[in-house]
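Single-structure report; data block below.
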Amino acid sequence: MTTQDASPTTEQATVPRRVERYDPTAIEPRWQQRWEQLGHYRTDLSDTSRPKFYLLTMYPYPSGDLHIGHWYIKTPTDAIARFHRMHGENVFLPIGFDAFGLPAENAAIKNNINPRDWTMGNIQNMRRQLRSMGATFDWEAEVVTADPSYYRWNQWLFLRFLEAGLAYRQTSTVDWCPNDGTLAREQVEGADRHCWRCGAKVEKRDLPQWYLRVTKYADELLDFSGIDFPEPIRVMQTNWIGRSEGGEIVFETAPAGHHAGGAQLRVFTTRPDTLFGATFMVLAPEHPLVTELTASDRRAEVEAYVAQAANRTEIDRLSTEREKTGVPIGADAINPVNGERIPIFVADYVLGGYGTGAIMAVPAHDERDYEFALKFRLPIRRVVAAPGDEERDMADGAYVAHSAGERLVNSGPYSGLGADEGGAAIVSALEAEGKGKAAITYRLRDWLISRQRYWGTPIPVVYCPDDGIVPVPDEDLPVRLPDTVDYHGSGENPLNRDQAFLNVECPKCGGPARRETDTMDTFMDSAWYWYRYLSPEKAGAPFDRALVERWTPVDQYTGGSEHAVMHLLYAREFTKMMRDVGLIDQDEPFRRLFNQGQILGMDGERMSKSRGNTVDPDDLVAKFGADTVRLFLMFMGPWDQGGPWSPTGIGGVHRFLNRIWTIALDPHGREPGDRESGSLPAGVDEAAGRMAVRQAAHRTLRDVTADYEAFHFNTMIAKLMELANLLMRYRGTVVAGSPEWDEAVRLALLMLAPAAPHITEELWSRRQAAAGETWSSIHRERWPEVDPSAVMEATREVPIQVNGKLRDRITVPTDISSADLEAAALASERVRTILAGRVPLRVVQAGGGRLVNVVVADPG
RNA sequence: GCCGGAGUGGCGGAACAGGCAGACGCGGCGGACUUAAACUCCGCUGCCCGCAAGGGCGUCAGGGUUCGAACCCCUGCUCCGGCACCA
């Protein structure tokens, strides 16, 4: 007797009322409090008796409220944590807040409140919401990046990088967002060049800015061996880094009509094989030689063009659709292989920031150069030809593709060589003369970290009229953000007007100096936060090195793929930089990365407060309970897929939990609405029923375990539903309450525990109470073992096909021989009818007898 | 344009590794329970033909490989994500 109904009244005997209903709102807060009181999820980082598992999930930006998308990332992550704990691992699952950033500052300007107050208020609410998930975050490890105890270490790290030459200040043309200030290159998106965060159109400005020298790691970042990242992320990062192999070639220059003697012009090309096809040269408008090389009679026109290009927002330069523009500068370049003089142009289709900012143009073999050549009526000379294509008309367009057997033509001594071979020969010939060399160029740029905003980490340097750039000494850290600043709503960094902040003594000479007012890109905060989690209170160092050595790299990181070339790349870069300044001893921050999909609004758009399409989990939790919401999010579909939000179907998951409740608490109850209730299925006796229950439970355990390991939560839940449905069928029969039944219920609760922690804890405690045992949390139980003998079956069903079409199913002993199986298949009544006396050509048994296919000649 | 991913019932989605397509859930239909409703439970539910037994068709489209294809190959289409003249 395991029912909880202690005093059944007689009038309930025939139609027993269901036990107390499942009421998550009564259960969930109680258990959450209890777990917290008991400190169940505080991780003892010093415990080395068990294997460690560092599970990290991307910390949220405290925008004010959690939406369903946060739950979609975090509740399955929590299930992973719980699953690992049940395997005896010491799991660390920290949480914190990415608390610096623009929205706080905008709210401050708009509502005249302090960004810190706004942020901290939001964090309060989000802490409550995060707790309502029933997740096992270790709140003792929380970090808030806007706290001086955190950001002082941003500053400290910056100073280490500065010392090591990994941070530097440089004036160059940068992307400027009217709201966010300068942006790193990867933070500008789309053909219309808009800011990744606020969407504003980005302009160009020449400014002195701080950079981190991440390009140093380009090659190392291309190496993903030893880390398990999803293929799409690896591809995106690889493309972003954009390694190109080729050659750098030096051209002498000369004023038009004069002898050589100007500056040298260096170009990068991936196609040195086409050098003989170069018919003009192009400089980017920003190229330093433009001024020097421009002939006096061309100066006015060139300067106008350069000015126009500088002012042009990149919107005008919109994609390749725009017609090429450019002007000749009145100078020539001299082709180092044949001495040919070719004109130099300035044109904005060549980018200042890539390669050398100048190209040799080979219109015959490059579409962009081809287009330019057509417009400016420049010669197009073919130098590579595929076999049989030597007479191709160049009016048809550039020949860009590579094909087998192509040869160089019109290339002097190199004619006749293969393209690769010829290219290599040209490079080595140039190299011998000091006119070129093999070269590799990357698309990746150094990380621009300066932001002209208030609400971020102050960059800890001082500008002294005498000593120049002076780092703030470590002992003066943190450089604190003033709490109150004056916004005039002008959009300009208010720190620039804060005299108390601005004016300092030079740490070197003691004279009057001025502080840097730029703050750091907030991606810097998030580039190392998982190290700080390990010792968030640590003073004197950014982290406890011994703990870092024991606990990192992170074993599993979960979060969205939208930061593929931002946060996820910065994190890798930062780790390598920290390594190189001797702070850590590892190359990569994350062993394994999983990207969940994104939950979109019902309108199919990205969920955001501004779009007004966010879904508030609080409402759903109030209605169905956290367990149902957790389960529903996991059940919707594959975790890496996401999709538009639709609450349709959440009732199904809730019903499932109700069935679990019923099965666990009221095994002997009967369904008044079901005539069959209480009787065994036809042809099943008690022994068979008990066996069926046990078999189903162990098979489910086998499959569910595999699904958890693969993060296949949707099918995991489907299988538990199947088990529940089967148990429901036996409820009220002689099988219910049998040891097999009891075991099945026990396994079901254990299997469900990581995903639905509250209801399973409640039912577990009630079972313990009923058995007179003292309470111990289900979440401290060990994951059960599959009994292999339980999953075996004496007979199995084999589908029989004739010519690949399913015609019958036969039941045979599991250990049947293949000869007997074939005989049994051919003996099938249905098969014989279809064969109609024809003799099979072949009988195929697939997968060790899982299926039989009888092949006969088609009667036609 | 280039790179990556995906197209399966009315819907979300299953299908190990080329072997029973559509698990599980939603929705729909029918039924039970109830004075009634809600809740709950049971059954049916890819499409077409058929009273039924059964048959035909069916995983974006068209070809191919195979005893056998949602899965592999070729051609094309559509959708989603990334990149944005990167020489």
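Remember, it's a predicted structure, so these values are computed and weren't measured experimentally. Numbers restart at 1 for each chain; the letters A, B, ... are given by sequence-line order, proteins then strands.
- One atom, CG of L726(A), and another, P of C42(B), lie 12 Å apart when rounded to the nearest Å.
- Comparing the same atom, C1', in U45(B) and in C24(B) gives a spacing of 15 Å after rounding to whole Å.
- In this structure, F635(A) atom CZ and G13(B) atom P are separated by 11 Å, rounded to whole Å.
- Phosphate proximity of C41(B) to R659(A): present, with a side-chain N or O under 4.0 Å from OP1 or OP2.
- Taking atom CD1 of I650(A) as the reference point, atom P of G27(B) lies 12 Å away to the nearest angstrom.
- Rounded to whole Å, atom P of C24(B) lies 15 Å from atom CD1 of I660(A).
- Across all strands shown, C2(B) pairs with G82(B); the Watson-Crick or G-U wobble distances both stay below 3.5 Å.
- The phosphate of A87(B) (OP1 or OP2) has a side-chain N or O of S244(A) nearer than 4.0 angstrom.
- A salt bridge links D219(A) with R243(A); the closest basic N to acidic carboxylate O contact falls under 4.0 Å.
- The P atoms of G5(B) and C72(B) are separated by 12 Å, rounded to the nearest whole Å.
- R807(A) has a side-chain polar atom (N or O) that falls below the 4.0 Å cut-off from OP1 or OP2 of G55(B).
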**Request:** With ring-ring contact (aromatic ring centres under 6.0 Å, His included) as the test, would you mind laying out the steps for W645(A) and F632(A) before giving the verdict?
**Result:** CA-CA 11 Å; W645(A) 167 258; F632(A) 178 57; 5.8 Å; yes
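- Side chain K719(A) to base C24(B): no donor-acceptor pair is found below 3.5 Å.
- Nearest to the side chain of L351(A), among C83(B), C3(B), A87(B), sits A87(B).
- With distances taken from any side-chain atom of L851(A) to the nucleotides A87(B), G19(B), C67(B), the minimum falls on G19(B).
- The phosphate of C42(B) (OP1 or OP2) has no side-chain N or O of N725(A) nearer than 4.0 angstrom.
- Of the candidate nucleotides A84(B), C42(B), C24(B), C24(B) has the atom nearest to the side chain of E722(A).
- OP1 or OP2 of A14(B) has at least one side-chain nitrogen or oxygen of N714(A) nearer than 4.0 Å.
- A distance of about 11 Å separates the P atoms of G25(B) and C41(B), rounded to the whole Å.
- Remark: R655(A) is in phosphate contact with C26(B), judged by side-chain N or O atoms under 4.0 Å from OP1 or OP2.
- As a whole-Å value, the separation of L841(A) CG from G68(B) P is 12 Å.
- Of all nucleotides present, none satisfies the Watson-Crick or G-U wobble test against C51(B) with each distance under 3.5 Å.
- Applying the 6.0 Å contact sphere to CG of D640(A) captures more than 12 heavy atoms from other residues, nucleotides or ligands.
- Each of R445(A) and E367(A) has a nearest nucleotide on RNA chain B; the 5'-most of these lies closest to E367(A).
- Nucleotide G4(B) holds its C1' atom 17 Å from the CD atom of E562(A), rounded to whole Å.
- The side-chain contact (heavy atoms from CB on, under 4.5 Å) with V844(A) is formed by just one residue from the set L851(A), N853(A), V852(A); it is N853(A).
- The side-chain tip of R443(A) points at the ring of W240(A) from less than 6.0 angstrom away and within 45° of straight on.
- In this structure, C57(B) and G46(B) make a Watson-Crick or G-U wobble pair, each of the two defining distances being under 3.5 angstrom.
- Comparing atom distances between the R842(A) side chain and each of C67(B), A21(B), G19(B) picks out C67(B) as nearest.
- Residue K805(A) places no side-chain N or O under 4.0 Å from the OP1 or OP2 atom of G58(B).
- Annotated as syn: G9(B), whose glycosidic dihedral is within 90° of 0.
- When each of G651(A) and A846(A) is assigned the nucleotide of RNA chain B bearing its nearest heavy atom, the one mapping closer to the 5' terminus is A846(A).
- Using a 4.0 Å cut-off between a side-chain N of Lys or Arg and a carboxylate O of Asp or Glu, K201(A) and E203(A) do not qualify as a salt bridge.
- The C1' atoms of G46(B) and C29(B) are separated by 16 Å, rounded to the nearest whole Å.
- On the C1' atoms, C47(B) is 12 Å away from G10(B), given to the nearest whole Å.
- Under 4.0 angstrom from either OP1 or OP2 of A6(B) there lies no side-chain N or O belonging to Q641(A).
- For Q801(A), the listed nucleotide lying nearest its side chain is G19(B); candidates were A87(B), G19(B), A84(B).
- The side chain of Y354(A) places an N or O atom within less than 4.0 Å of a non-bridging phosphate oxygen (OP1 or OP2) of A87(B).
- Checking the phosphate oxygens (OP1, OP2) of G55(B), a side-chain nitrogen or oxygen of R830(A) falls inside 4.0 Å.
- Ring centers of H654(A) and Y22(A): under 6.0 Å apart, within the cut-off.
- In the set A87(B), G19(B), A14(B), the nucleotide with an atom closest to the side chain of V844(A) is G19(B).
- Atom CG of L720(A) and atom C1' of A14(B) are 15 Å apart (whole Å).
- No more than 12 heavy atoms of other residues, nucleotides or ligands lie within 6.0 Å of NZ in K623(A), so this atom counts as exposed by the packing criterion.
- Rounded to whole Å, the separation between the C1' atoms of C60(B) and U8(B) comes to 10 Å.
- At least one test fails for K324(A) against the ring of F372(A): distance under 6.0 Å to the centre or angle within 45° of the axis.
- Rounded to whole Å, atom P of G13(B) lies 17 Å from atom CE of M716(A).
- When the P atom is used for both G9(B) and C2(B), the distance is 29 Å, rounded to whole Å.
- Under the Watson-Crick or G-U wobble criterion, with both distances below 3.5 Å, G19(B) is paired with C67(B).
- For N853(A), whose side chain is taken as the heavy atoms from C-beta onward, the closest listed nucleotide among C3(B), G68(B), C85(B) is G68(B).
- The side chain of D366(A) sits closest to A87(B) out of G82(B), A87(B), A84(B).
- Across all strands shown, C39(B) has no partner, as no Watson-Crick or G-U wobble contact with both distances under 3.5 Å is found.
- Look at the C1' atom in both G18(B) and A87(B): the space between them is 45 Å, to the nearest Å.
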